[in-house]
Amino acid sequence: MSVRTLAVLGATGSVGEAALAVARRHPDRLAVSLLAAGGTRPVRLLELAREFRPRRIVVATAAAAEAIRAELPAGAELRWGEPALVDAVGAGGIDLVLTAIVGAAGLRPAAAALAAGADLALANKEAMVAAGPLLRRLAADSEAKILPVDSEHAAIHQALRAGRRREVRRLVLTASGGPFLDRDPATLDTVTPAEATAHPTWNMGAKISVDSATLMNKGLELIEASYLFDVPGSRIDILIHPQSLVHSIVEFRDGNSIAQISANDMEYPIRYALSHPERWPRPDDGAASGLSGLLEATSELQFRKVAPEAFPAPSLAREALVRGNGAPAALNAANETAVAAFLDGAASFTAIVPAVAEVLDRHDREAGGTEPATVDEALEWDSWGRRQAREVLAQLRG
Ligand code: NAD
Ligand code: MG
């Protein structure tokens, strides 16, 4: 059995911690060689550094580096800033990079990992949305793999193993529907960040929790799935499934569909990505985690269509995907900006999706757009989307 070296980017976050829990259980297969985090949780980062003894630690800012420097275990190299992270990821000697940074901020490190030939376990869907075709090209050039960690995409990745690509009729992404699935849309403008981040079935970081509440998360995932699996948006559907047990479905042309089921715990898709193409045993936690236990504990599995009037975000994402030419990067950037404004108390919950829609309209009317051929070009669309969104949000306020 070989041990692979692993970098975890976004180590102190929800997915990062779950990835390290998998690494902790499989020390004979994974050796953590790099930990990267923003640095807002210095105490936790130091604990992880002492536990996993990575060769390198990278944080986002100089201040974050100073906050932990004195207490780092001996022998660990500490650096800060995006160039240092790109450098560390691209330096070689890393087999597998799990990226769970939030937002398009994860794009450069993801591209650097693939360019260096490291396999990429991708949770950071925003990087794929901003520059999917480019990341796939980098992977093809270096023969690296992109292994989806997002639970829906890990489900599709598994289901696709049941047939050939040309036999796929459509992909069905399941969605929990978030905390406001059955709420009267007219009551949503007073929603607080605490309400919006209280997800019914998953425990996640703040940004993706808000995305789940607007269903923009499913829109981003639709773009992510199209780029990852090379299936056009017109053959990707979304189905609300409040129990979050069926993580997605692939329908083949002969009418047979393969669905993937597991508990709603990110360790399942993470273990799948980190062990691929093998399947490592999970620790025995009794029958409850197996299929029969899960289904016995669930009185029913429900599925229904998304109501586009109540949740327009997936249609916007679909439109951006068709439009291409920087529209997905701009949509993602506008969404990140609007969600951050909402979490800061500077925008209402109901401003988020209309702000993104307006930025997408401007992309069509004013910018036209060209397909980003480099990371820099994708990030130009990202900056453009952020600028437009700030303007639109100011207008909505004023
Ligand atoms: P989180 O907020 O819990 O954690 C984010 C992590 O990234 C933190 O460690 C933070 O310090 C780090 N970080 C932020 N900016 C950084 C930067 N510039 N440089 C280095 N590190 C930085 O977020 P999360 O919920 O774990 O989500 C992470 C990513 O995974 C997102 O793209 C999200 O959409 C995706 N994802 C999350 C889940 C989930 O269950 N939480 C599921 C599927 C996909
Ligand atoms: Mg998901």
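What you see is a predicted model, and the numbers here were worked out from it, not measured in a lab. Throughout, numbering of the chain's residues begins at 1 and tracks the sequence. Counting starts at 1 for both ligands and their atoms, in listed order.
- At a threshold of 4.0 Å, the pair Arg4-Asp119 counts as salt-bridged, since one of the basic side-chain nitrogens sits closer than that to a carboxylate oxygen.
- Using a cut-off of 4.0 Å between Lys/Arg side-chain N and Asp/Glu carboxylate O, Glu47 and Arg50 are scored as not salt-bridged.
- Here is the list of ligand 1 atoms found below 4.0 Å of a heavy atom in Glu126: 31 (C), 32 (O), 34 (O).
- Within ligand 1, the atoms closer than 4.0 Å to a non-hydrogen atom of Ala11 are 9 (O), numbered from 1 in the order shown.
- No N or O atom of Asn203 sits closer than 3.5 Å to an N or O atom of ligand 1.
- Between Met128 and Glu221, the closest side-chain pair of non-hydrogen atoms is not below 4.5 Å.
- For atom 38 (C) of ligand 1, the closest non-hydrogen atom of the protein is Val15 CG2, 3.4 Å.
- Here's the thing with Gly38: one of its N/O atoms is less than 3.5 angstrom from an N/O atom of ligand 1.
- In this structure, atom 16 (C) of ligand 1 lies nearest to the protein heavy atom Ile101 CG2, 3.8 Å.
- A cation-pi arrangement is present between Arg282 and Tyr268, with the terminal nitrogen or guanidinium carbon under 6.0 Å from the aromatic centre and inside a 45° cone about the axis.
- Of the protein's non-hydrogen atoms, the one nearest atom 18 (N) of ligand 1 is Ala105 CB, 4.1 Å.
- Using a 4.5 Å heavy-atom cutoff, the side chains of Leu98 and Ile270 are in contact.
- Counting heavy atoms under 4.0 Å from ligand 1, residue Met266 touches it through the side chain alone.
- If you look at Ser151 next to ligand 1, there are no close heavy atoms at all, none under 4.0 Å.
- Looking at Ile208 against ligand 1, only its side chain comes within 4.0 Å, counting heavy atoms.
- Nearest protein neighbour of atom 7 (O) of ligand 1, counting heavy atoms only, is Gly10 CA, 3.4 Å.
- Residue Thr12 has at least one heavy-atom neighbour below 4.0 Å for each of these atoms of ligand 1: 8 (C), 9 (O), 11 (O).
- A salt bridge is absent between Arg387 and Glu391; no separation between the charged side-chain nitrogens and carboxylate oxygens falls under 4.0 Å.
- The OD1 atom of Asp150 and the OE2 atom of Glu221 meet at the Mg ion (ligand 2) at an angle of about 90°, given to 10°.
- Between His241 and His247, a ring centre-to-centre spacing not shorter than 6.0 Å is recorded.
- Val102 CG2, 3.5 Å is the protein heavy atom nearest to atom 23 (O) of ligand 1.
- Ring geometry for His157 versus Tyr272: interplanar angle over 60°, hence perpendicular rather than tilted (30 to 60°).
- Ion pairing of Lys218 with Glu224 is absent here, as no side-chain N (NZ or NE/NH1/NH2) approaches a carboxylate O to less than 4.0 Å.
- At a 4.0 Å heavy-atom cut-off, ligand 1 touches Ala123 through backbone and side chain alike.
- Remark: minimum distance from atom 25 (O) of ligand 1 to any protein heavy atom is reached at Gly205 N, 2.8 Å.
- Side-chain rings of Phe180 and Phe311 stay apart, their centers remaining 6.0 Å or farther from each other.
- Each of Leu107, Leu220, Thr337 was compared with Asn332 under the side-chain contact (heavy atoms from CB on, under 4.5 Å) criterion, and only Leu220 meets it.
- If you check which protein heavy atom lies closest to atom 4 (O) of ligand 1, you get Gly13 CA, 3.1 Å.
- The pair Arg386-Glu336 counts as a salt bridge, with a side-chain nitrogen and a carboxylate oxygen less than 4.0 angstrom apart.
- In terms of distance to the Mg ion (ligand 2), the nearest N, O or S atom of Glu152 is named OE1.
- Closest protein heavy atom to atom 43 (C) of ligand 1: Asp150 OD1, 3.1 Å.
- Within the 4.0 Å heavy-atom criterion, both parts of Lys125, backbone and side chain, lie near ligand 1.
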